[in-house]
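Throughout, protein chains are lettered first and strands after them, A, B, ... in sequence-line order, and every chain is numbered starting at 1.
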Amino acid sequence: MRQSKLFMPTLKEAPADAVAESHKLMLRGGYVRQVTAGVYAYLPLGYRVLSKAEQIMREEMAKINVPEMSMPDLLPATLWEESGRWQKYGPEMFKLKDRHGRQSLLGPTHEETFTDIVAKDLKSYKQMPIALFQIQSKFRDENRPRFGLLRSREFIMLDAYSFAATKEQLDQQFEDEKKAFTAAYHRCGLKVTPVIADSGTMGGKNSTEFQAPAAIGEDTIATNETGTYSANLEMACSIDTFKQEEEELKQVEEVATPGQETISDLVDFLKVPATRIVKSILYIANENEKVLVLIRGDKQVNEIKLKHLLDVDSLRVATDAELTDITGVTKGSVGPINADWADQVVADNTVNNLYNFVVGANKKGFQFINVNLGRDFNPDKFADVRVANEGEPDPVDHLPLKFTTSIEVGHIFKLGTYYTKTMGANFLDKNGKAQPVIMGSYGIGVTRVLSAVIEQHLTKNGVAWPKEIAPFDLHIVQMKMKDEGQTNLAQKLEEKYSANYDVLYDDRNERAGVKFADADLLGAPVRVTVGKKANEEVVEVKRPTDEKATEMTLSELDEFINKELG
RNA sequence: CGGGAAAUAGCUCAGCUUGGUAGAGCGCUACGUUCGGGACGUAGAGGUCGCAGGUUCGAAUCCUGUUUUCCCGACCA
């Protein structure tokens, strides 16, 4: 490809709107342009990278015998009413009406469509296990699109769906997909950690996220140094290292703590450590159930864990008005004693084994001190509902947890029979008995992969593309277009290497500085500069991470390219 | 959805407080000089100042409304 013909509008300065380094680079390098908030056009360079990443993913799917197909973007609401997600999915769905007034939507994911079109056609256990995938645009009306391709409203996703007759088959399919995904990320040059994850609105209990550590990530993952434990912070568990010495039980006392609302207020006011105070927070589950959650003062409640524990669709902290309405007191005075208004009292495990601690007295501006479990109150259940802290031992090997921000580049789910049951996709098992098909779903955010790869491969002046997804393998940069010797050599190299590689030949009549700057920005794995020594058939070769270029003869170049690009 | 900021040339921004015919740098075009790390000079092209109302003799500037974009958070994957 001749660079003079490639629409590659590079910028010296990044638009002020861009914050993430990957976003800036994609705009500066001429990979993408924004059309509207969270919607991007892929220019030739961006499209090439995208296509290469998709090709890798196609190959990895083929290796596990999963064929490609394509579902429509435009879907009828009726399908989603069948699964119950027309309501449940919420405002994130792009909904629209056609001219006949029929409700439609732009697909944010395709569990329903695959259940309808594929699962319902699987009539016998003999047809399974089987899986299919597609790569297409997905639409999610994100509340707040940001960071370029990292959180956009229209994005490209690879989504695979598996159909099994038995749990064992599903487990095997899940492992196959996990392997294929891992291989695809690896080939894209992306460092990825699989972590324990929350399955959100997708349903199912067992899900794994693929997280790519990066400076700009929206997620935090907790891992130990050996990698034997890794979880999204939303799901991470850790061992509580605090231990209170056993004490003689003292008499409960009510003390006035006027105006003290927070734990740190009470620490100062009562002169006790936060570990001797139990925080009480009122949650509203499914908009009707009042759940009082207790946790030791130095810890925080993990709402995702709580949501799983309670097995509810919605969960939120009660508003100040609701709190007063329900308990009669304000923040800071709520507690578990005489809390008849609570439908359920859940205590985090950190509350166990405390002695003579402080809780709200359910009387405005008062606390009880010297409170003890069993004697003064009993929670309905104990559970782990706290946010893990960095440095605490992991639950597997008891090694300290390290937190890393990262980008979610994929998520795989063991869906089970939720969709097939609600939508009625049954098959006959060996005994001739009707059973719902057991499904799994597997997604890679293809456009996120691009952002993540860039985030992980930034250089001083651009990016160092991993060779398998670089927009071009070889960048031939001719210094002087008017020099016939240089032109001859550059064209000779272009022709020779185009047979096996993607070659970009910078044939623009630009100054050397401009060409070098653009070449750094582009970051092809191998750059060949054709300059002064063209007539001696000597070129300069540089990889994006090399400090300096190296002079090479043509045969040395040949060897180098074979070694670098394979 | 709560909070904050912004919208003036392709990009980065000034001008607005104190109303008076639209500015700079980079980029673009032409010519000349230069020619291996985003050159220099000269001459140009390019903007209904987001949109709609209002105040005024006169609005980029003041007022009202509206749209869009970005950031922090909540939500979500």
So if I take every side-chain heavy atom of [X] and compare against [options], which nucleotide ends up nearest?
X	options	result
A:E142	B:C11, B:C76, B:A77	B:C76
A:K307	B:A77, B:G73, B:C76	B:C76
A:R448	B:A77, B:C13, B:G25	B:A77
A:N232	B:C75, B:A77, B:C76	B:A77
A:T36	B:A77, B:C76, B:U68	B:U68
A:F516	B:A77, B:G38, B:G37	B:G37
A:A16	B:C13, B:A77, B:G25	B:C13
A:K12	B:C26, B:G25, B:A77	B:C26
A:A37	B:C71, B:C26, B:U69	B:U69

Could you tell me the separation between the [atom1] atom of [X] and the [atom2] atom of [N], rounded to a whole number of Å?
X	N	atom1	atom2	result
A:M479	B:G36	CE	P	8 Å
A:L150	B:C70	CG	P	13 Å
A:H23	B:C70	NE2	P	8 Å
A:Y89	B:C76	OH	P	12 Å
A:E287	B:C75	CD	P	14 Å
A:R146	B:C70	CZ	C1'	12 Å

With sugar-phosphate meaning primed atoms plus P, OP1 and OP2, does [X] contact a base, only sugar-phosphate, or nothing at under 4.0 Å between heavy atoms?
X	result
A:R508	nothing
A:Q34	sugar-phosphate
A:A517	base
A:D17	sugar-phosphate
A:A14	sugar-phosphate
A:K480	sugar-phosphate
A:E234	base
A:R28	base

Quiz item: For residues A:S22 and A:E455, is any side-chain donor paired with an opposing acceptor at under 3.5 Å?
Solution: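 Yes, side-chain donor-acceptor contact under 3.5 Å.
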
Quiz item: Can you find a side-chain donor-acceptor pair between A:Q478 and A:K480 that sits under 3.5 Å?
Solution: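 No, no side-chain donor-acceptor pair sits under 3.5 Å.
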
Distance check, [atom1] atoms only: [N] and [M], in whole angstrom units.
N	M	atom1	result
B:U69	B:U8	P	14 Å
B:C1	B:G23	C1'	40 Å
B:A60	B:A7	P	16 Å

Does any nucleotide pair with [N] by Watson-Crick or G-U wobble geometry, both distances under 3.5 Å, and what is it?
N	value
B:A39	B:U33
B:A9	none
B:C49	none
B:C28	B:G44
B:C62	B:G54
B:C1	B:G73

Quiz prompt | A:E54/A:R58 salt bridge by N-O under 4.0 Å criterion | solution =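 Between A:E54 and A:R58 there is a salt bridge, with a charged N closer than 4.0 Å to a carboxylate O.
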
Quiz prompt | A:E547/A:K542 salt bridge by N-O under 4.0 Å criterion | solution =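 Salt bridge: no.
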
Exercise. Kindly assign one of parallel, tilted or perpendicular to the pair A:F181 and A:F210, based on the angle between their ring planes and the thresholds 30° and 60°.
Key: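 The arrangement is tilted - the two ring planes meet at 30° to 60°.
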
Self-check item: Mutual orientation of the aromatic rings belonging to A:H23 and A:Y40 [parallel < 30°, tilted 30-60°, perpendicular > 60°]
Solution: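 Perpendicular: the ring planes of A:H23 and A:Y40 meet at over 60°.
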
Exercise. Measure from NZ or CZ of A:R48 to the centre of the six-membered ring of A:F472, then state whether that distance is under 6.0 Å and the direction lies within 45° of the axis.
Key: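 Judged by the rule (NZ or CZ under 6.0 Å from the ring centre, within 45° of its axis), A:R48 counts as positioned above A:F472.
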
Quiz item: Does OP1 or OP2 of B:G38 have a side-chain N or O of A:R511 closer than 4.0 Å?
Solution: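 Checking B:G38 against A:R511, no side-chain N or O comes under 4.0 Å of OP1 or OP2.
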
Quiz item: Under 4.0 Å: is that the gap between some side-chain N or O of A:R144 and OP1 or OP2 of B:C1?
Solution: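 Result: no.
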
Quiz item: Going through the checks in order, is the side chain to side chain contact (heavy atoms under 4.5 Å, CB included) test met by A:V312 and A:Y283?
Solution: CA-CA 12 Å; A:V312 293; A:Y283 281 89; over 6 Å; no

